[in-house]
Each structure stands twice: as C-alpha cells, then as structure tokens.
Amino acid sequence: MSGILVVSSVVGGLFLLLLVLERRRPLRSGLHSVIPEVLLNLLFSALAFATAAGVVRPAVTTSIHWAAREGFGLVHLVPLPAPLRGALAFLCMDLTFYYWHRLNHQVPVLWRFHNVHHVDPALGVSTSFRFHFGEVALSALFRIAQVTAIGVGFRTYAIYELAFQANTLFHHSNVRLPIRLERLLNRVLVTPRMHGIHHSQVREEDLSNYSVVVPWWDRLHRTLRLNVPQSRIAIGIPAYSQPEDNRFWQLFWMPFRKQRDYWLRPGGGAVERDPAQRGPDPTRLEE
Ligand SMILES: [Zn+2]
C-alpha cells in the first residue's frame with residue numbers, strides 16, 4: 001500500500017473513532033452543534049485539502065528530492081546512524097512546527113488566516129482540518145524552508161506526517177480521558193486538555209501550548225500552561241463569537257476583511273481569567 005493510502009486510512013479511521021467517542025464522553029460540555037458543525041468543518045476543510053494536495057505536497061516533494069540529491073540539511077552535518085538521523089529529523093520537524101504555529105499567532109498577516117481555525121466555538125475532532133486555504137497556501141513557503149533546512153528523508157517525512165495528522169485529530173478532539181491517563185500521555189503527546197487551553201478566549205491562554213506532536217517545546221520555551229480546568233474555558237475568539245461569524249462564506253472572506261479587535265467581546269470587554277480558577281502549578285494538567 002502506498003504511503004498516502006496508509007496515512008489516509010489511519011487518519012480516516014481515527015477521525016471516525018474520535019467522532020463517536022467525543023459524543024459518548026465529551027470533555028467540554030455546552031456544545032449544541034453536532035452534525036451542522038461537522039458538515040461545515042468538512043466542507044471548509046475540503047478547500048484546505050485541495051490546497052494541500054495541489055500546492056503544499058508538490059512543493060514539499062520537490063524540496064525533499066532536492067535536499068536528498070544534494071545531501072543538504074542539518075541532519076547531514078554530522079555522520080549519524082540512520083535511525084538516529086531519522087529521530088533527529090522527526091524532532092526537528094516538530095520543533096519547527098512549534099515555531100510556525102507561534103508565528104501564526106504573532107505575525108498579524110498570518111493570524112488573520114489562523115484566526116479562522118480558532119473562531120470555531122465547538123472545538124472537536126472536526127476542527128482539526130478546518131484551516132483557511134490561505135493559511136495552507138502560505139504554509140507551503142514555510143514547509144519548503146523546513147524540509148530543506150532539516151534535510152529530512154522521505155521515510156521520516158512520511159512517519160512524521162502520520163504522527164502529525166493523527167495527533168492533530170487527537171488533541172483537537174473533545175474526548176474526556178481519565179485525568180491520570182491524560183497526565184501520563186501528556187508527558188509525550190499534546191493531549192485534548194492541553195490543546196483546549198490553546199483555544200481559550202483568554203488571550204494569554206491562546207498564546208500558550210503551541211506544540212503539535214510532543215509537548216516538550218512549550219516547556220522548553222516557557223509557553224506551557226496546563227493548570228486551567230476545562231469546565232472554566234470559553235472556546236473561540238471573543239470578537240468573532242456570534243453564531244453568524246461561524247458560517248461558510250463569513251469564514252471564507254474573514255482574513256480579507258477589516259479585522260476586529262480580536263480579544264474584545266462584541267459588547268466590549270476582554271475575557272479574563274480569575275486567578276482563583278487556576279491550579280497552582282502551570283506544568284500540571286487540571287481536570
Ligand atoms: Zn493556534
């Protein structure tokens with residue numbers, strides 16, 4: 001079976017499994033939208049998929065070929081056994097995605113597009129692919145630089161891609177895992193509670209937990225924030241929190257329109273966190 005077929009089957013199966021589980025054991029309650037939300041997200045994701053297939057994939061494939069032919073990239077600087085080189089490339093891929101995600105929040109033109117992903121008030125597995133096609137197209141430039149600078153090989157790239165897609169589904173899902181199990185998993189993976197805090201309407205919480213597969217990069221860069229209980233999180237972007245902000249054409253045109261003051265509610269006032277609601281240790285996941 002070709003690599004892309006393996007990735008699609010695993011990702012498709014996991015998507016369905018998480019979709020069922022999040023209805024049986026939801027992590028955050030109060031989400032009324034079920035089928036319409038999933039349909040909207042799938043429809044919107046179709047544009048992102050088309051851009052990924054038509055723009056990102058050819059660009060990445062050409063770059064990997066070129067780097068392999070020239071022996072170009074970080075992982076070729078020191079001679080290493082192949083498994084070690086693969087592991088190093090995997091970690092470099094994940095670390096650079098951390099930086100890219102962080103840039104998407106901090107550079108205004110990138111945030112215009114990434115905001116569309118964060119506007120979803122019903123964070124769940126179907127949010128995983130709901131990226132604006134403009135964000136996906138812009139990411140092609142980053143991905144060319146990323147795979148070339150690292151010098152990642154095709155096999156490691158395919159393994160990373162699978163881990164990236166699978167964990168993106170997992171950490172966006174609204175599945176309630178037993179807290180002890182999630183704390184254990186969170187030592188090596190970004191988990192739903194951790195990423196849920198990243199989708200909070202409180203600005204400092206949105207500006208934390210950028211990691212994608214392994215959670216260590218947030219710890220390393222002091223952007224880790226795990227001590228917010230999920231029951232206290234309002235999901236979304238305050239200025240875009242009305243139901244009409246979450247419709248197909250509204251989302252389509254959102255990055256190209258005059259931007260609102262993201263962190264102010266329509267009636268004015270920012271969403272703030274009462275410090276008493278937080279747990280004492282930012283590195284310990286709360287219920
Ligand atoms: Zn984000």
Side-chain angles (χ1 to χ4, degrees), residues 27-28 37 41 44-45 47-48 51-52 56 93-143 146 163-174 186 189-226 228 230 233-241 245-246 251 254-255 259-263 270-271 273 282 285:
L27 173 60
R28 292 166 294 266
E37 178 73 23
N41 286 350
F44 207 74
S45 304
L47 292 172
T51 314
V56 180
M93 289 290 290
D94 202 44
L95 172 62
T96 44
F97 266 118
Y98 166 91
Y99 292 128
W100 175 244
H101 186 192
R102 202 167 157 172
L103 279 176
N104 269 277
H105 279 262
Q106 288 169 342
V107 177
V109 67
L110 297 177
W111 173 242
R112 277 176 177 255
F113 291 93
H114 189 56
N115 174 46
V116 173
H117 170 68
H118 276 266
V119 162
D120 192 348
L123 178 64
V125 66
S126 77
T127 315
S128 310
F129 301 122
R130 193 189 100 157
F131 290 94
H132 195 280
F133 61 89
E135 176 174 349
V136 180
L138 284 168
S139 80
L141 299 172
F142 159 73
R143 311 248 307 193
Q146 178 192 39
F164 178 95
Q165 300 294 356
N167 211 54
T168 298
L169 289 177
F170 173 57
H171 70 225
H172 281 101
S173 76
N174 189 30
N186 190 230
L189 288 176
V190 176
T191 58
R193 285 180 174 90
M194 176 178 173
H195 198 71
I197 296 167
H198 176 68
H199 279 258
S200 164
Q201 289 195 12
V202 177
R203 190 175 187 193
E204 313 88 79
E205 293 169 4
D206 175 275
L207 299 177
S208 66
N209 303 353
Y210 298 107
S211 301
V212 181
V213 178
V214 300
W216 312 324
W217 316 125
D218 281 295
R219 211 173 272 265
L220 198 69
H221 294 87
R222 298 176 184 275
T223 49
L224 185 69
R225 194 185 295 265
L226 300 178
V228 186
Q230 299 294 306
I233 300 177
I235 298 285
I237 299 297
Y240 293 88
S241 54
D245 294 322
N246 208 45
L251 296 170
M254 200 173 271
Q259 302 291 287
R260 301 177 191 159
D261 195 342
Y262 303 100
W263 305 102
V271 180
R273 170 81 52 221
L285 207 54

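Note that ligands are numbered from 1 as they come in the structure, with each ligand's atoms numbered from 1 the same way. Computed over heavy atoms, backbone and side chain alike; hydrogens, waters and symmetry mates excluded.
- When ring centroids are compared, H117 and H172 come within the 6.0 Å threshold.
- The Zn ion (ligand 1) has H114 among its coordinating residues (N/O/S atom, backbone or side chain, under 2.8 Å).
- Put simply, H101 gets within reach of the Zn ion (ligand 1), with an N, O or S atom under 2.8 Å from it.
- Distances from the Zn ion (ligand 1) to each N, O or S atom of H198 single out NE2 as the nearest.
- With contacts defined as side-chain heavy-atom distances shorter than 4.5 Å, the pair P282/L226 does not qualify.
- Between the D206 side chain and the H199 main chain, no donor and acceptor come within less than 3.5 Å of each other.
- Seen from the Zn ion (ligand 1), atom NE2 of H105 and atom NE2 of H118 lie 90° apart in angle, a value rounded to 10°.
- For the pair R225 and E205, the salt-bridge criterion is not met [side-chain N within less than 4.0 Å of a carboxylate O].
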